[in-house]
Amino acid sequence: MRQSRLFTHTSKNVPTDADSVNAKLLTQAGFVHQEMAGVYSWLPLGLRVLHKVENIIRDELDKLGAQEILMSALQPKENWDTTGRWDSVDVLFKIPSQTGKVYGLGPTHEEIVTPLVKTFLNSYKDLPIAVYQIQSKFRDELRAKSGVLRGREFGMKDLYSFHASTEDLDTYYSKVLETYLTIFSRCGLNAKVVEASGGSFSKKFSHEFQVLTPAGEDKILTSETGTFAQNTEIATLKEGDKNPENGEKLELKTGIEVGNIFDLGTKFSDAFDVAFTDEKGERKTAVMGCYGIGTTRLVGTIVEASHDDKGMIWPVSVAPFHVHLVGLKSKDAAVQSRIDSTAKEMYDGLWSEGVEVLWDDREGVSPGEKFADADLIGLPLRLVVSEKTLKEDSVEWKARNESAAKLVKTQDVIEQIKGMMK
Ligand code: ATP
Ligand code: MG
């Protein structure tokens with residue numbers, strides 16, 4: 001993409017209510033635009049990150065045999081009456097219709113997925129069933145805050161699984177837990193698994209996935225390495241105790257909850273009478289698990305976990321583009337034409353190799369401004385073509401997460417980038 005064509009611009013203005021690093025940087029770099037408190041539009045650069053995060057999730061869940069669907073965001077009140085949650089879920093938006101009916105605007109989808117799966121479930125041979133969706137969720141949060149970390153409209157991946165036995169659910173649950181760690185690590189994050197109390201569901205167990213950053217809302221007991229952690233709200237251990245996983249000292253940290261998994265038991269399948277015929281011909285109730293990841297929160301979490309005073313630092317796997325190619329100006333027309341043709345060749349050559357390039361081809365923008373924008377936007381690699389680099393048949397190569405720049409021969413650039421992306 002040519003940056004001169006990008007309809008968004010960077011801005012030095014800090015949003016007045018930007019109470020967090022992610023809100024400030026994502027807005028200044030033109031990744032998102034706040035429409036009102038807790039509600040954001042996703043712009044070209046931000047949407048590319050969000051899509052990459054979503055596709056990592058799809059890739060990993062498809063490996064688990066889960067099937068992607070898309071359920072309705074507008075939900076019938078009757079279903080919420082069936083589970084008794086119409087009045088008890090305080091964040092549920094209730095939408096009156098001119099027909100006199102009232103609808104729920106989906107904060108979660110147990111009330112839709114459970115009767116949906118019931119429609120197709122007859123025999124134990126149909127089980128297990130695992131379906132997921134990636135969709136906007138709506139929650140009437142009392143306080144929207146921390147940019148995209150806690151919104152009233154936000155992206156979520158929600159997966160629901162149905163099983164013939166608790167043993168089968170337990171096995172699947174463990175697999176999802178492992179898969180979640182893979183997803184977060186592919187997004188460049190180190191997530192800790194927290195044993196949680198389980199919120200409003202009456203269940204055996206649930207786990208949260210916490211990324212430790214100062215921006216987090218939750219207080220977590222954990223140690224440097226390993227995945228073990230406890231939320232202080234429920235902790236049986238205390239600061240200074242030994243981590244049962246590896247013997248290290250437990251410290252108090254703040255974390256952002258990026259995912260949550262629950263053993264639902266038969267709470268929802270009882271409510272909607274989701275039964276199947278077992279091997280002996282007897283009717284049995286299916287057991288369920290549900291598994292969420294906040295996709296938009298995940299993008300904000302990556303920013304919180306990976307930035308410096310100049311801007312964001314995207315991991316290759318979710319960066320909006322891999323390379324920021326910057327062409328500088330020369331007063332000499334012949335040199336200028338060589339700079340332009342070298343940059344154009346590099347741009348085309350990289351794209352043809354699957355390397356995604358944002359080319360800063362803007363006229364009338366100073367080198368200082370171009371570099372500041374590149375740092376703010378935070379693509380993993382910056383390449384600069386200038387009069388100086390052309391003298392060496394080279395381009396200047398600077399990784400966003402390193403301070404030193406070096407010259408790399410123009411002809412070697414593509415091979416070296418392919419190495420970086422492995
Ligand atoms: P939290 O404890 O942060 O309020 P939750 O326990 O209510 O979240 P779930 O209902 O399990 O969350 O939702 C699944 C995931 O969706 C969460 O782990 C989180 O990553 C994300 N999420 C939940 N609420 C919000 C929100 N208001 N804004 C953005 N993401 C959210
Ligand atoms: Mg929670």
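In listed order, ligands and their atoms are each counted from 1.
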- Using side chain to side chain donor-acceptor pair (under 3.5 Å) as the criterion, list what pairs up with Arg400, not counting sequence neighbours. Asp308
Mind checking whether [X] has a heavy atom under 4.0 Å from ligand 1?
X	answer
Phe209	no
Leu149	yes
Thr108	no

- Task: Between Arg150 and ligand 1, find which residue part has any heavy-atom pair under 4.0 Å and reply side chain, backbone, both or neither.
- Result: both
- What atoms of ligand 1 come within less than 4.0 Å of a heavy atom belonging to Phe262? 11 (O)
- Task: Could you list the atoms of ligand 1 found under 4.0 angstrom from a heavy atom of Glu141?
- Result: 24 (N), 26 (C), 27 (N)
- Item | Aromatic ring pairing Phe31/Trp314, orientation class (parallel under 30°, perpendicular over 60°, tilted between) | parallel
- Could you verify whether a donor N or O on one side chain and an acceptor N or O on the other, from Gln3 and Asp361, lie under 3.5 Å apart? no
- Would you call Lys238 and Asp241 a salt bridge, taking side-chain N to carboxylate O under 4.0 Å as the test? yes
- Item | Electrostatic pair Arg143-Asp19, nearest N-O below 4.0 angstrom | no
- Does the cation-pi check pass for Arg48 over Phe321, that is, NZ or CZ under 6.0 Å from the six-membered ring centre and within 45° of its axis? yes
- Query: Which option out of Arg143, Met156, Lys145 puts a heavy atom nearest to atom 13 (O) of ligand 1?
  - Reply: Met156
- Nearest-option assignment for atom 10 (O) of ligand 1, heavy atoms, candidates Arg139, Lys157, Lys137: Arg139
- Task: Return the minimal non-hydrogen interatomic distance between Cys187 and Pro315, and the atom names on each side.
- Result: O-CG, 3.7 Å
- Task: Return the set of residues passing ring pair (Phe, Tyr, Trp, His ring centres under 6.0 Å) with His163 (not counting sequence neighbours), or none when no residue passes.
- Result: Tyr172
Any N or O of [X] closer than 3.5 Å to N or O of ligand 1:
X	result
Gly294	yes
Ile293	no
Asn260	yes

